[in-house]
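Only one structure is covered here, and it is reproduced in the block below.
Below, chains carry the letters A, B, ... as their sequence lines are ordered, and counting in each starts from 1.
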Number of protein chains: 2
Amino acid sequence: MDVKTVCLGMLTDGPASGYDLKKQFESTFSHFFSAGYGSIYPALSSLAESGLVSCEEIPQEGKPDRKVYAITDEGRARLLEALRDTRPCHKIRSEFLATICFAHLMPPEDIEAVVDHRLDEIAEFQEMVRHFERECLSEWHEGLRFVLGVGKTVTGAMETYIKENRHKLTQRPAAKALSG
Amino acid sequence: MDVKTVCLGMLTDGPASGYDLKKQFESTFSHFFSAGYGSIYPALSSLAESGLVSCEEIPQEGKPDRKVYAITDEGRARLLEALRDTRPCHKIRSEFLATICFAHLMPPEDIEAVVDHRLDEIAEFQEMVRHFERECLSEWHEGLRFVLGVGKTVTGAMETYIKENRHKLTQRPAAKALSG
DNA sequence: GACTTTATATATCGAATTGATATTATGCAT
DNA sequence: ATGCATAATATCAATTCGATATATAAAGTC
């Protein structure tokens, strides 16, 4: 599933501009799928060109036209087809974990800083989750709730693991003489 | 941190070919950082060009030369510099969760298939973890052990959440008359 | 009142990455 | 003998990333 397909899916909730979709990528989708303008705008253009979305251009003074996209019947059909892929992948790209792999090459204070930063990001995510739970969870489809639940659970587990095991990263290994 | 930096880090454990590094991306690193030949070979060429690794070409009959790369002092210095970035990102790209977001557009049997597939992948990962724990955990740096621990914990939490909540995805919402 | 930041909104561009494919040889099993 | 797995390098189009440019309005701050 590429950015095009996710955009198509988002448009099933109603017409939206590229800017609107970007906001959704930054909020509800941020913890498991990201896309920048450099992916979204070309995706929408391409979808429009192949008739999967329609585009209404609303003229604005001084600014570029606001372009509101809506999914077409053909687009809806194509989306359902794409969703039938029963082997969607789930991939992590963690520069954090990659850094930790080389912790033995780093001074302890740098390791601490990296770990602290990850915990800060986790806290930030949890804050966002609480916000969603207060504000909009009740209006959401079950799928979105499930996805938020996964994020919350997984992130909580990671937080616990990091807090319980971080001390091992800064302990230098015992003198080799003892183990060899 | 890009593929180049990770390759540089892997080479601190000793000289290796692109093929060797690919195997490491497919085993120990697979659950948090992936890279294909299309990234690895250009990365190694570029590192060699800037003197961060040296390359010994071992001629072979009929096949292209085997190229064994080793990190240089300059490469080691550059790596340490790169590792000082205290804000390495941690990003998930999950076509699985994206699909689930649109579960309300899918027939229940497709949802079941998607969820089953994810659980299969999780089981496969856990099998790999057990293999590592049996075979090589004792020789690993603390960093790599920590990273494996994170993977194990996070994946276990995801598995539990999915098993406990998957039924909600196939329950169609109650008749609107009751809630409106 | 002047200044800065934030939000609205589209667009592009080079660089990095992905995923697939090509090539060639060896060894092993059926 | 035919196919399959492994070893090993390499390339390529398509996609994605991250940063930047452009332009205006509103809202906050000194």
Toward the 5' end of DNA chain C, by each residue's nearest nucleotide, B/Gly38 or A/Val68: A/Val68
Give [X] one of three labels, base, sugar-phosphate or nothing, depending on what nucleic acid heavy atoms sit under 4.0 Å from its own.
| X | answer |
| --- | --- |
| A/Lys91 | sugar-phosphate |
| A/Ser17 | sugar-phosphate |
| A/Gly18 | sugar-phosphate |
| A/Lys67 | sugar-phosphate |

B/Arg145 atom CZ, over 12 foreign heavy atoms within 6.0 Å: yes
Neighbour count >12 (heavy atoms, 6.0 Å) for atom CZ, B/Arg87: no
Below 4.0 Å: OP1/OP2 of C/dA11 and any side-chain N or O of A/Tyr41: no
Below 4.0 Å: OP1/OP2 of C/dA16 and any side-chain N or O of B/Ser39: no
Residues A/Lys4 and A/Ser46: side-chain donor-acceptor under 3.5 angstrom: yes
Nearest-nucleotide pick for B/Asp2, side chain only, options being C/dA16, D/dA7, C/dT12: C/dA16
Shortest side-chain distance from A/Ser34, nucleotide among D/dA7, C/dT17, D/dC17: D/dC17
Earlier contact from the 5' end, DNA chain D, for B/Arg93 and B/Tyr69: B/Tyr69
